[in-house]
Structures are given as structure tokens and as C-alpha cells.
There are 2 protein chains.
Amino acid sequence: MTSGQSGTTRLKTAEATSVNRREQILEAAVVVFAEHGYFRATTAQVAEKVGISQPYIFKLFKNKEELFVAALDRAFERIIRSFQSVTAPAGELLNETIRVYEQLMETHPSEIVLQVQAFGIRDEAIRQAVQKGMQEVTSLVEGKFIAAGIANPEVEVSTFMANGMLCNIAMVLEMPSLKPKHLKLE
Amino acid sequence: MTSGQSGTTRLKTAEATSVNRREQILEAAVVVFAEHGYFRATTAQVAEKVGISQPYIFKLFKNKEELFVAALDRAFERIIRSFQSVTAPAGELLNETIRVYEQLMETHPSEIVLQVQAFGIRDEAIRQAVQKGMQEVTSLVEGKFIAAGIANPEVEVSTFMANGMLCNIAMVLEMPSLKPKHLKLE
DNA sequence: TTGGTTGGTTATTGATCAATCACTTTCTTG
DNA sequence: CAAGAAAGTGATTGATCAATAACCAACCAA
């Protein structure tokens, strides 16, 4: 058996199963990587944040690269889940999708920062993870736009992604003036 | 005297003055940093590409960070010079600016990659250099758009920058499908 | 009670590199 | 040509870390 789910189920108290530990480590890793960057962040910092020893990380993750990829996947999964949950009529779908993303940037800023970092890392495994994440997000949004019957879905999605990227960059650079200007008023 | 410009001026043969060396090093640094990323790239790789010893780099640059910032400044300067050179009537200005940038991506891809990398580096000096570069580019383009009498210049500039960012990211990720879809046809 | 499984630790090491130090060589000019 | 400046090198080092090795402890089941 893997977990501590014994006869007298002691659930709720977040037992130290390896699955829980993995989650804790990932949560810490997202923050540490976002704050210091992939190369400057150390596995010791992640461990410290979780309250475990540095080597224990390598019992649950093959190496630092895999840890980063897992953290990145987590970030993309949240974005995808958020966008999946969006429901709105065609006329409101774009604005609603933007609203959901803006909320995500507030509630999980580190995961957004992680994304931007990942764009610049020259590492095959990481690049593949980013490619996959970006492809999934694009496809998902496009599917929604098409299903809603929005005109020129490809262009709309592309514009949405472009503004999203600029938004991300404005965030990591701490340049609010760079944020996209929508101008929906006419 | 600093250079070898003696009486019998032996110009043209690219003498090994420290100014020339600085330029050579920067040119190599742009390529090496773009290829391996700031942290994986080593000063030894840069030196090898120039054909000098690794320690000599530190005679011309205080440290690795300063070398990167200088390389980054160079990249931004080229972008700015390119945009400054743009002249077109209001109706064509946006397209012409796009064209110039697309050409830059072809002729100096490493400098574009360097930019994207720089977004993700958590280092104060580097972040400041990126901020300055982005601010200058935005202001310059906005100035041009305003001077040409384009309507909603702020929004147009923002959209232009957003698509530029998406374009950069499509490039570094090697995801051509992510490239912006303009759709000027009606 | 014993032995296997799960969850953990301490200590260490092997590589990697930026950066410095102590020199040498090559100009050039008075 | 002497001598100082400019250009450049070889050797080394001091830190930093990912990753491994080797070992410990708590628990449970047969």
C-alpha cells in the first residue's frame, strides 16, 4: 500500500504520503522558481520552504529539470482548467475569458511568472513542456470561440494570446504602462 | 593614446584595440547567450568564439552580468535604430513597421532570442535594462504613430507590441503556428 | 519479532565556472 | 633604443549545488 489510509482512516490531517509531499514540493517549487529563476533557485531553497531535507526532493523527482517541468505543467493545467470553466454567450465570451485570465494573474502570479521564465530557458524538456502547454491553451480557446460562433476565431484567438503575452511580460517587468489597451468603448 | 592610430595610419585592418575587442566580444556574446541562455552560457565559450583567452573578457567587462547587459543594450539599440529609420504615410506606417521588425527577426535572430531570455531573468541590472529598452521602443513607435496622425495611437501601439511579443515567443518556441494572424483582407 | 515498506536524514562529492593573480608580449613614441 | 603603456595569457581558486550514498526510524502485517 502506498498511503497511510489504514483501518482507522486518519483523513483530513494531510498525512505525509509521498503523493502529498509531491504536491507540497511542487507548490513550493513554483514560488521559489518564480522568485529566483530556474538556475538561481536551488533545490535546498525548495526543500527549506517545504520543511524537508534537500536530498529528499530527489526521492520524488528524478532531477531539477523534472521538478521544474512538473511545476510548469501544474501552472498550465490551472490555466486550462480555468478556461475550460468559462461559459458565456458569443458576445461576452472574449471579455469573460480575459476576466478569467486576469483573475488567475491575481490569484496565482507565481505560475504566470514561471511561464514567462520558461519561454527563455534553453532546455529541450522544458521547451517541449511549454510548447505543449501553449498548444493546449490555444486549441482550447479556439474551440470555445468556434463553438460560440465567433467570427474570425483564429484571428480573435491570436489577438487574445498576443495580449496575454504582453500582459505577462508587463507583469514580470513590473511595467504596468506596458499592459494592453483594449478600448472596447465606441 | 588609446588606439594604434599612429602616423602611418594602418586603418581598415581591424586592429586589436580594446574598443574593437569589446565589439567582437559583444557580437559573440549575443550568439552564445542566445544559444545556451544566460546561465548555461560560459564566458569561456564567448572567449573561444572571439579567439581570446577567457580571463581577457574580464579586462573589458566587470563581470558576466555587465557583459549580458551590454549585449542586450546592443540588441535594443538595433531595434530602435530600425524603427527610427521607418518612414511611411499613416495608412502604411503600421505595415511598414511590422515589415521592418520581421526583417530584423530574420537578419538578427539571436538578438530577438536574447530579448525573450532577458524577460525571464530575475536580476536587477538586467531587468532594468529590459525595462529601459521596452520603454524606449514603445515611446518611439508611439511618437511615430502620433506624428503620422494615426487614430487611437495608444491602442495601435499596444496591439503592435502585443503581436511583436507573440511573434518573439513563437520564434523561440519554434511554434510557427503561434505566430500572429493579421487578417488585413476584407 | 521480524522483516518489509514507506518516509525520511546526514554527510559527502564531483563538476562547473566566474573571477583574480601574477606574469608576458607587443607596440609606439620621445 | 629604452621604457611605459596596451594587449593579452596560463594557472588557480573559491563558491556553489545537484545528485548520490549510506544509513535511520516508525509502522504494520503475518
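So that the names make sense, note that chain A is the first sequence line, chain B the second, and so on, each numbered from 1.
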Q. Does OP1 or OP2 of D/dG10 have a side-chain N or O of B/Ser53 closer than 4.0 Å?
A. no
Q. Nearest to the side chain of B/Phe58, which nucleotide is it out of C/dG7, D/dT20, C/dA19?
A. C/dA19
Q: Find the distance B/Ile52:CD1 to D/dT9:P and express it as a whole number of Å.
A: 7 Å
**Q.** Touch class at under 4.0 angstrom, heavy-atom based, for B/Thr42 against every strand present
**A.** sugar-phosphate
Q: Tell me which of A/Lys62 and A/Arg40 sits closer to the 5' end of DNA chain D, going by the nucleotide each one is nearest to.
A: A/Arg40
Q. Under 4.0 Å between a side-chain N/O of A/Arg21 and OP1 or OP2 of C/dG8, yes or no?
A. yes
(Q) Distance check needed: D/dT9 C1' versus B/Gln54 CD, whole Å only. (A) 11 Å
**Q.** Rounded interatomic separation in angstrom, taking CD1 from A/Ile57 and P from C/dG7
**A.** 16 Å
Q. Nearest to the side chain of B/Asn63 - D/dT9, D/dG8, C/dA19?
A. C/dA19
Q: For B/Tyr38 and C/dA18, give me the distance from atom OH to atom P, rounded to whole Å.
A: 9 Å
Q | Under-3.5 Å donor-acceptor pair between A/Lys59 side chain and C/dG8 base | A | yes
Q. Between D/dA15 atom P and A/Phe39 atom CZ, what is the distance in whole Å?
A. 24 Å
Q. How long is the line joining CZ of B/Arg22 and P of D/dG8, in whole Å?
A. 14 Å
Q: Answer yes or no: does atom CD of B/Glu106 have more than 12 heavy-atom neighbours from other residues, nucleotides or ligands under 6.0 Å?
A: no
Q. Taking the six-membered ring for Trp, are A/Tyr101 and A/Phe83 parallel (under 30°), tilted (30 to 60°) or perpendicular (over 60°)?
A. tilted
Q: Look at A/Arg74 together with A/Glu77 and state whether they make a salt bridge at an N to O cut-off of under 4.0 Å.
A: no
**Q.** Distance, rounded to the nearest Å, where A/Gln24 contributes CD and C/dG8 contributes C1'
**A.** 13 Å
Q) Are side-chain N/O atoms of A/Gln131 and A/Gln135 paired as donor and acceptor at under 3.5 Å? A) no
Q. Within less than 4.0 Å of OP1 or OP2 of C/dG8, is there a side-chain N or O belonging to A/Tyr56?
A. yes
Q: With heavy atoms under 4.0 Å as the rule, sort B/Ala41 into base, sugar-phosphate or nothing.
A: sugar-phosphate
Q: Fit a plane to each ring of B/Phe33 and B/Tyr38, take the angle between them on a 0 to 90° scale, and name the class: parallel (under 30°), tilted (30 to 60°) or perpendicular (over 60°).
A: tilted
Q | Spacing of B/Asn20 atom CG relative to D/dG8 atom C1', expressed in whole Å | A | 15 Å
